[in-house]
Colleague: 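If you scroll down you'll find the structure; I have some questions about it.
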Amino acid sequence: MPKSRIRKKADYTPPPAKQATNIKLNSRGWVAPVMLAMFLIGLAWIVVFYVTDGSLPIDALGNWNIVVGFGFIAAGFGVSTQWK
């Protein structure tokens, strides 16, 4: 029986190594404390308004104190978009 031909396979060449790219990280250490402070101020504003039957924090605002509290909370969510 005749001997079959042996095919030479090309040697394995690994793909070229990717060069590492420098990632520039900005210092955003202020975001989390400011965000949490806004949330807590808004929550405290609303709780104080309800606990004091509307006489605190600012009596002249009346029920608009709720809007101010939710405004602080919304500002906290706005600040949270800066978190990386």
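In this text the structure is predicted, and so the values were computed from the model without any measurement. FYI, side chains are in, hydrogens and waters are out, and symmetry mates aren't considered; it's all heavy atoms of this structure.
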Colleague: Distance-only check: which donor-acceptor pairs under 3.5 Å involve side-chain atoms of residues 66-80, not counting sequence neighbours?
Modeller:
{"unit_1": "Ser80", "atom_1": "OG", "unit_2": "Phe77", "atom_2": "O", "d": "2.5"}

Colleague: For Leu56, what are the other residues in its hydrophobic cluster, where any two members join if their side-chain heavy atoms are less than 4.5 angstrom apart?
Modeller: Val48

Colleague: Show me the side-chain donor-acceptor pairs of residues 36-45 shorter than 3.5 Å, one per line, residues at least two apart or across chains.
Modeller:
{"unit_1": "Trp45", "atom_1": "NE1", "unit_2": "Asn65", "atom_2": "O", "d": "3.3"}
{"unit_1": "Trp45", "atom_1": "NE1", "unit_2": "Asn65", "atom_2": "OD1", "d": "3.2"}

Colleague: Hydrophobic cluster membership, with links at side-chain heavy-atom distances under 4.5 Å among I/L/V/M/F/W/Y: are Phe49 and Val47 in one?
Modeller: no

